[in-house]
Amino acid sequence: MVRTKHLISIDDLSDTDLDAIVARAVDHAADPAGHGHPLAGQFAGLYFRHTSTRTRTSFWSGALRLGAGVLNFGPGDLQTTTGESTEDSGRVLASMVDILVARTCGSEDELRGWASWQGMSVVNAMSELEHPTQALTDLATMRAHFGSLSGLRVTYLGEGNNTATALALAGARIPGMEIDFRTPPGYAVDARVMARAMATAVRTGARISESHDMSALPSGMDVVYTTRWQTTGTTKPDPRWREVFAPFQVNETLWETNPKAVFMHDLPAHRGEEVTAEVLDGPDSIAFEQAANKLWTAMAVLEWVRA
Ligand code: CP
């Protein structure tokens, strides 16, 4: 029996799988009509319990482009809302759809529960801990822009959220890649994920580091990356959190130390908070190319889980 493939964490991918998905996304972007309909006759369910513009639309449009039928489930549509177990829901859904793309903003265990039934591939469209398809998009964007990922130097500024965890795990797979996370005190990347990423980096020759210090930023970086201060599906109990985040804003002053860098952002953006309009809308920003690449990456992921 062929094993059903899932993408719940970056760590579900071998190095070869990760490289193939990123390469395929870049190929899709270069040849938007060259994909055919490999998912004809299959059905993808999209279950988004939280808001999404980029991720849901990219999987919806991508599945249709690849020939699949698409079913949409909103936050209150499934009986999990009234107490049905994820295992029972997964068992039923697996008899009716081939792929379930789910944004839960909750525990990975829920996604693993759905994935425990043979036949239905589960794709994590953002859980509490990880946003793996975002990281694959990010790597595809860097690869398309720079031609290669090896040796790239990235500074990530902002909350150690699910975008950051996925980027740490994915960047750690790339030999010679360096990602320097600068996270506000109290908002670090999950310690267990960071330990996993650092262990992977030792194997591959990548460099993953984290500090809460904005006083000695490196210069000459290739990419400066930030993320929204209010991660989807979360709140910050500390009423003074904006004071803690303020030094981490990407602005013109910061740009002077990294004039050759490109700017990336997972979006949605809040101009004047994590980034100024001058940087986000300026000539060095590739944030909207990055957003467009979510479509090509979603297609590469859909193809991979059903290959
Ligand atoms: N970056 C991202 O996941 O965007 P959406 O929340 O719009 O899907």
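Counting starts at 1 for both ligands and their atoms, in listed order.
Counting only distance, with no hydrogens or angles, the side chain of Asp17 and the backbone of Ser14 share a donor-acceptor pair below 3.5 Å. In this structure, the side chain of His37 does not engage the main chain of Leu66 through any donor-acceptor pair within 3.5 Å. Side-chain atoms of Arg182 come within 3.5 Å of backbone atoms of Asp213 as a donor-acceptor pair (strictly under, hydrogens ignored). Under a 3.5 Å cut-off, the side chain of Thr80 and the backbone N or O of Glu84 do not form any donor-acceptor pair. Using a distance-only test at 3.5 Å, with no hydrogens or angles considered, a donor-acceptor pair links the side chain of Arg153 to the main chain of Gly220.
Contact residues for ligand 1 (protein heavy atom closer than 4.0 angstrom to any ligand atom): Ser52, Thr53, Arg54, Thr55, Arg103, His131, Gln134, Arg228, Asp266, Leu267, Lys294.
With no hydrogens or angles considered, a side-chain donor-acceptor pair links Glu210 and Thr183 at under 3.5 Å.
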